[in-house]
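The sequence lines fix the lettering, A, B, ..., with proteins before strands; numbering per chain opens at 1.
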Protein chains: 2
Amino acid sequence: MSNAYNRPDQLSPELRRRVLDTARRLGYPGPDPVARSLRTRKAGAVGLLLTENLSYAFRDPAAIGFLEGLALACEDAGTGLLLVPANPEREDVASVHRAGVDGFVVYSVPDDDPHLAAVLERPVPTVVCDQPDLGTVDRVGIDDRGAMYELAKHLIGLGHRRIGVVCMRLARDRNDGFVTPDRQHAAHFHVQRNRLSGLAEAFSEAGVDWSQVPVVERFDHNMASGASGAAQVLDRDPQVTALICTSDVLALGAMTEAARRGLRVPHDITVTGFDGIRAGEEAGLTTVRQPVLEKGRAAGKLLLDTNERSRPRSVNLSTELIIGKTSGPPRGGAEERWFGP
Amino acid sequence: MSNAYNRPDQLSPELRRRVLDTARRLGYPGPDPVARSLRTRKAGAVGLLLTENLSYAFRDPAAIGFLEGLALACEDAGTGLLLVPANPEREDVASVHRAGVDGFVVYSVPDDDPHLAAVLERPVPTVVCDQPDLGTVDRVGIDDRGAMYELAKHLIGLGHRRIGVVCMRLARDRNDGFVTPDRQHAAHFHVQRNRLSGLAEAFSEAGVDWSQVPVVERFDHNMASGASGAAQVLDRDPQVTALICTSDVLALGAMTEAARRGLRVPHDITVTGFDGIRAGEEAGLTTVRQPVLEKGRAAGKLLLDTNERSRPRSVNLSTELIIGKTSGPPRGGAEERWFGP
DNA sequence: AATTGGTTCTGAACCGTTACGGTCCTTTCA
DNA sequence: TGAAAGGACCGTAACGGTTCAGAACCAATT
C-alpha cells in the first residue's frame with residue numbers, strides 16, 4: 001500500500017515500518033510515477049514546443065533567455081519542463097501526442113505548424129508566446145509592430161529614406177532571397193510579419209514606396225545569415241543608408257559585412273537590430289530591447305496558474321527602444337536626401 | 001479502440017473511419033499519453049538532473065553546450081528531454097520520484113547530492129556526466145586531472161612558481177574564501193577536485209609547496225566571482241605571477257580585476273581558464289578546451305542505446321590545451337625566479 | 001450492554017491504454 | 001465439398017498506482 005509512502009499520518013508507524021521493510025526486501029523501487037500520473041491526472045511537467053530543432057534553440061540568445069525564464073517559473077512551481085522534439089521538417093506530430101504533460105507552452109512557431117495544431121487538440125491548457133492571439137488560449141507577447149514602428153520613426157527622424165531590410169524566415173519553406181510584399185503580408189511567423197508591417201507603415205507614412213524597399217529573407221538564424229543578407233541588400237542597392245534587421249543576431253552579422261566592405265558604422269551606414277541581446281549591447285547596437293526572460297516567466301506563470309475562469313488571457317510585455325552607436329544620420333546629412341534620388 | 005489511431009493496418013479503412021468519426025463526435029481527444037506510457041512501459045523522455053537551479057544552467061556557456069548536445073541526441077531518437085527541478089538547497093527529492101522518464105542523465109552534481117542518490121534508486125538506466133565513476137552506471141567525462149596537469153606544465157615551463165588559484169564551489173555549503181588542502185581533497189564536485197589535484201601534482205613536482213598556494217573558492221559561478229576571487233588572491237599575495245582559474249567564466253572575471261588594478265595580461269600577470277567557451281576564445285584566453293557539446297551528445301547516445309549487455313560503460317572525451325595570449329613568462333623573465341622564494 | 005465516535009486497516013474500483021487470445025467470416029486448395 | 005488458413009474484429013486482462021467506502025477494532029459514553 002502506497003499510503004506508507006505518501007500519507008504517513010494515515011497509518012500507524014508500526015505498520016508503516018513493516019510495509020516499508022518488506023517493500024525494500026522485495027526490491028520494490030517506490031511508487032511508479034507514470035501510474036501515479038495516470039491515476040491523479042497530473043503529469044507534473046509542462047511541455048515546451050519550439051519551432052526549431054531542439055538543439056538549435058540553445059544557439060539563439062533570445063530563445064535561451066526565454067527558456068531561462070520559463071525554467072524559473074517551473075522551478076518555483078516544482079514542475080518539470082519537457083522539451084518536446086518537433087522537427088520542423090518532418091510532419092511527425094507523434095511527439096506531441098506522446099508527451100505526458102499538464103500543459104503546453106508554444107514558442108514562436110509558424111502559425112500553420114502541424115505541431116501547433118496537434119497541441120491545440122490536446123485537452124490541456126496552452127500558452128502561446130510570440131504567436132498570433134488565437135482567442136482560445138493564453139498568449140504572451142510584445143507589440144512587435146509598434147516597437148518596430150518606433151524604431152523606424154527614429155531612423156526617419158535621422159533622415160533615412162533609402163533603406164534595406166534583413167529578416168528571419170517568414171514561412172516554413174526555405175526562401176533565401178528577396179521578399180515580395182505578398183510574402184511579407186502572408187508571413188506565417190507572427191513576429192516577423194508584425195515587425196515588417198511596423199516598418200512598412202512608418203516608412204510609407206514618410207513617403208517611401210515600401211514595395212521598392214529591398215527586403216531579404218534568411219532561413220537560418222545566425223550571424224552568417226545576417227552577413228550574407230546584408231551583402232545581398234548592398235549588392236542590389238549600394239546607396240542604402242540604413243540596414244534594418246529583425247534580430248540582433250542578424251544585425252551583428254550585417255555589421256561584419258559592412259566592415260568587410262569598408263563601410264563605417266554609423267558614419268557610412270546605419271545598422272539596427274531587435275531583441276536586446278548581450279552581444280548586441282556590447283557592440284552598442286541600436287535596437288529594441290524586449291524582456292525575453294520575463295516572457296518565459298510570464299508564460300510559465302500563466303500556464304501554472306490554475307485559475308480557469310479568467311482564461312484566455314493575453315499579456316503584452318513592454319519593450320524599450322535602445323539608441324546605440326550604430327545609428328546616425330545618413331552620410332552627407334539628412335537634408336541632402338530630402339529631395340532624394 | 002485505439003488501434004484506429006496507432007495500427008491503421010490492423011483494421012479495415014471503413015471501420016477505422018467509423019471509429020474515428022464517432023470518436024470525434026464524442027469529443028475524444030486521442031489516446032492519453034500517460035495511460036499509454038503505463039501500459040507500454042515507455043515514457044518517451046529522458047530526465048536531466050542538474051545541480052544548479054534549472055534557470056541557472058542557462059547562464060553557464062558550458063552547461064548550455066552540454067544541453068545542446070544532449071538535446072541533439074534526444075531529437076535524433078525522437079524522445080523528449082525533461083528538465084527535472086532539483087533545487088540544491090532543498091532536500092526535496094520528490095521531483096526525481098515524480099519524473100516519468102525512461103532514464104536519467106546526471107550532470108555535474110555534488111557526489112553527495114540526495115537527488116543523485118534518488119536517481120540511482122530508480123530502476124532506470126542512468127548516465128552520469130562530470131561525476132566520479134560509480135562503476136554501476138554509465139559515465140561520460142574528460143580527464144580533468146590530466147588536462148589541468150598539462151596546463152600547469154605549460155605555466156611551469158614559462159617559469160611560473162608563485163601562483164594563485166580561483167575555483168568553483170567545492171561542496172554544497174557556501175564557502176567564499178580560501179580553501180584548506182583538506183577541503184580541496186574532500187571536494188564533492190568531481191570536476192573541481194580533479195582539476196585542483198592536477199594542479200597540485202604538477203606544481204609539487206616543480207618544487208612548489210602546494211599547501212602555501214592561495215586557492216580561493218567561489219560559490220556562485222559568474223564573472224563577478226572570478227573578479228572578486230582574483231582580488232582576494234592578489235590581496236593575499238600581490239606577487240603571484242599567474243592566476244589559474246578552473247573555468248573560463250572565472251578567468252574572464254579575473255581579467256577584469258587585473259585590468260582594474262592596472263595589471264597587463266600577460267605582461268604583468270598570466271591568467272588561464274578551463275572549458276574553451278566562445279567568449280574566452282575571443283579574449284584569447286589560455287585554457288583547456290573540452291568538447292561540451294560532444295559530452296552531451298555522448299551522454300544521450302549512451303542512455304538511448306538499449307544495448308544492455310555492455311553496461312556500465314565509461315567514455316572519456318579528449319581535451320585540447322589552447323595557448324592563447326593571456327599566458328606568458330613572469331614579469332622580469334623566468335630566470336630571475338629560478339632560485340626565487 | 002449497547003450506542004457512539006474515532007482510528008486503523010482492507011478490499012475493490014477506477015484511471016485509459018495496449019497486448020493477447022478467441023471468435024467469426026472469408027478465401028484457398030486438396 | 002470440406003478442411004485449413006488467414007484476416008478482421010472484439011472482449012478482456014493487465015500495467016501500478018490512488019482513492020474511497022466500509023469493516024474491524026478499541027475506547028469512551030449513555
Side-chain angles (χ1 to χ4, degrees), chain A residues 1-45 47 78-80 82 93-104 118-119 121-125 306, chain B residues 1-45 47 78-80 82 93-104 118-119 121-125 306:
Chain A
M1 179 82 73
S2 68
N3 262 0
Y5 285 85
N6 307 314
R7 305 228 192 313
D9 50 315
Q10 295 290 321
L11 60 170
S12 61
E14 141 66 8
L15 176 68
R16 176 178 151 87
R17 195 190 48 70
R18 234 177 56 224
V19 169
L20 259 47
D21 261 16
T22 28
R24 192 171 6 257
R25 195 156 41 73
L26 265 46
Y28 174 72
D32 179 308
V34 178
R36 184 215 301 276
S37 288
L38 175 60
R39 182 63 236 235
T40 60
R41 323 194 64 71
K42 282 257 152 285
T79 47
L82 180 69
V93 282
S95 53
V96 173
H97 289 139
R98 216 190 306 274
V101 295
D102 299 322
F104 277 100
V119 163
E121 277 175 13
R122 291 272 309 255
V124 292
T306 49
Chain B
M1 179 82 72
S2 69
N3 262 1
Y5 286 86
N6 308 314
R7 307 230 192 310
D9 50 315
Q10 294 289 320
L11 59 165
S12 63
E14 141 65 8
L15 176 67
R16 177 178 152 86
R17 195 190 47 71
R18 233 179 55 223
V19 169
L20 260 46
D21 261 16
T22 29
R24 194 174 0 261
R25 196 157 41 73
L26 264 47
Y28 174 73
D32 179 308
V34 177
R36 164 188 289 156
S37 288
L38 175 60
R39 181 64 236 232
T40 61
R41 323 192 64 69
K42 281 257 151 286
T79 46
L82 180 70
V93 245
S95 54
V96 173
H97 289 141
R98 217 191 308 272
V101 295
D102 299 322
F104 278 100
V119 164
E121 277 175 14
R122 290 272 309 257
V124 293
T306 50

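- The 5' end of DNA chain D is approached more closely, in terms of each residue's nearest nucleotide, by Arg18(B) than by the other of Arg18(B) and Asp32(A).
- Residues forming a salt bridge (charged side-chain N to carboxylate O under 4.0 Å, His left out) with Arg17(B) (at least two apart in sequence, or on another chain): Glu14(B), Asp21(B).
- At a threshold of 4.5 Å between non-hydrogen side-chain atoms, the residues Thr22(B) and Arg25(B) count as touching.
- Atom CZ of Arg122(A) sits in a crowded spot, with more than 12 heavy atoms from other residues, nucleotides or ligands closer than 6.0 Å.
- Summarising the geometry, the separation between OH on Tyr28(A) and P on dG16(D) is reported as 9 Å, rounded to the nearest angstrom.
- Residues Val124(A) and Asp102(A) have side chains not in contact (no heavy-atom distance under 4.5 Å, counting atoms from C-beta outward).
- Between Arg41(B) and dG16(D) there is a side-chain N or O to OP1 or OP2 distance below 4.0 Å.
- Rounded to an integer number of Å, the gap from NZ of Lys42(A) to C1' of dG16(C) is 16 Å.
- Comparing dT19(D), dG17(D), dG16(D) against the side chain of Thr40(A) picks out dT19(D) as the nearest.
- Straight-line distance from the CG atom of Asp102(B) to the C1' atom of dC15(D): 15 Å, rounded to whole Å.
- Contact of Arg39(B) with dA19(C) (side chain to base): no donor-acceptor pair of N or O atoms is detected under 3.5 Å.
- The nucleotide whose nearest atom lies closest to any side-chain atom of Ala35(B) is, among dG16(D), dT17(C), dG17(D), dT17(C).
- Computed from coordinates, the Leu38(A) CG to dT19(D) P distance equals 12 Å when rounded to whole Å.
- Regarding His97(B), its NE2 atom lies at a distance of 12 Å from the P atom of dG17(D), rounded to whole Å.
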